[in-house]
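In what follows, a single structure is set out as structure tokens and then discussed.
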Amino acid sequence: MISGVRMVMLGRQGAGKGTQAVRLARHYVVPHISTGDMLRAAVKEGTEFGLRAKEVMDAGGLVSDEIMIGVVDDRLHQTDTTRRGYVLDGFPRTQPQAEALDEIAGERPLHLVVNLAVPVEVVVERISSRRQCETCDTIYSVQEPPKYPWHCDNCGGDVVQRDDDTEEAIMRRLELYEKETSPLIDYYEKRSLLEEVDGLGSTDEVSRRLMSAIDKRLAG
Ligand code: AMP
């Protein structure tokens with residue numbers, strides 16, 4: 001019987017976090033919590049909050065820590081996550097978010113944090129060819145399109161390029177990643193929670209590497 005897991009996926013934009021997080025969540029039977037997907041859902045709903053978030057996202061910026069911490073705090077207190085665990089994708093992205101996560105997790109601390117390592121030249125190439133379903137967020141690429149272009153294999157929704165996957169926004173997001181998020185690698189290394197996993201290779205290969213790192217931790 002596969003047990004649940006509580007984990008964070010770190011890695012540059014385009015490292016394959018989203019794709020791998022979905023697979024891991026299915027395998028370990030835990031919710032996949034993507035703060036980017038949650039924000040995109042709010043944008044689609046057209047709420048006041050969604051409209052403000054869209055401006056920040058399209059410019060490649062970061063939504064405020066206060067808002068993001070509130071969103072994740074609510075989500076991690078729902079029973080599916082408290083019972084089973086979670087794969088957290090896109091959070092934390094800053095030091096204050098990481099500190100808040102320690103508090104939110106409280107008595108149910110993280111088992112591990114994975115850094116999915118892919119060089120910057122490779123991610124720029126990957127992001128420009130990335131496509132995503134507008135309805136269910138499934139990720140595709142120009143190299144691996146849906147069966148009937150460009151309609152999602154899962155739900156038939158339109159598969160498009162993300163509004164924040166423009167060259168300018170990509171560069172800004174990568175800069176912010178180096179400045180705000182990459183210091184978290186050290187933060188989790190010091191807490192002996194970090195597993196570095198090579199994100200190059202086929203999707204299946206990377207999944208196998210991730211699962212083997214996670215299983216070792218869980219056997220711990
Ligand atoms: P992602 O899908 O993870 O690349 O997120 C898309 C965009 O949503 C990011 O470029 C940010 O603008 C925003 N976002 C997602 N997660 C966070 C977070 N934890 N903190 C701040 N902004 C976030």
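Bear in mind that the values here come from a model prediction, so they are computed numbers and not experimental data. We count ligands from 1, going down the list as the structure has it; atoms in each ligand are counted the same way.
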TODO: Sequence neighbours left out, what passes salt bridge (charged side-chain N to carboxylate O under 4.0 Å, His left out) with Arg217? Give chain and number order.
DONE: Glu195

Open item on the list: Could you check whether atom CD of Glu205 has more than 12 heavy atoms from other residues, nucleotides or ligands sitting under 6.0 Å from it?
Closed with: yes

Open item on the list: Contact between Leu101 and Phe91 at the side-chain level, heavy atoms closer than 4.5 Å - yes or no?
Closed with: yes

TODO: Determine the sole option in Gln13, Arg12, Glu168 for which the side-chain contact (heavy atoms from CB on, under 4.5 Å) test with Arg173 is passed.
DONE: Gln13

- [ ] Kindly write out the residues that satisfy salt bridge (charged side-chain N to carboxylate O under 4.0 Å, His left out) with Glu144, not counting sequence neighbours, or none if the list is empty.
- [x] none

Task: Sorted by chain and number, the residues that approach ligand 1 to under 4.0 Å with a heavy atom - done: Thr35, Gly36, Leu39, Arg40, Met57, Gly61, Leu62, Val63, Met68, Gly90, Phe91, Arg93, Gln97, Arg162, Asp164, Arg173

Task: Counterpart residues, side-chain contact (heavy atoms from CB on, under 4.5 Å), relative to Gln143 (two or more places apart) - done: Ser129, Ser141

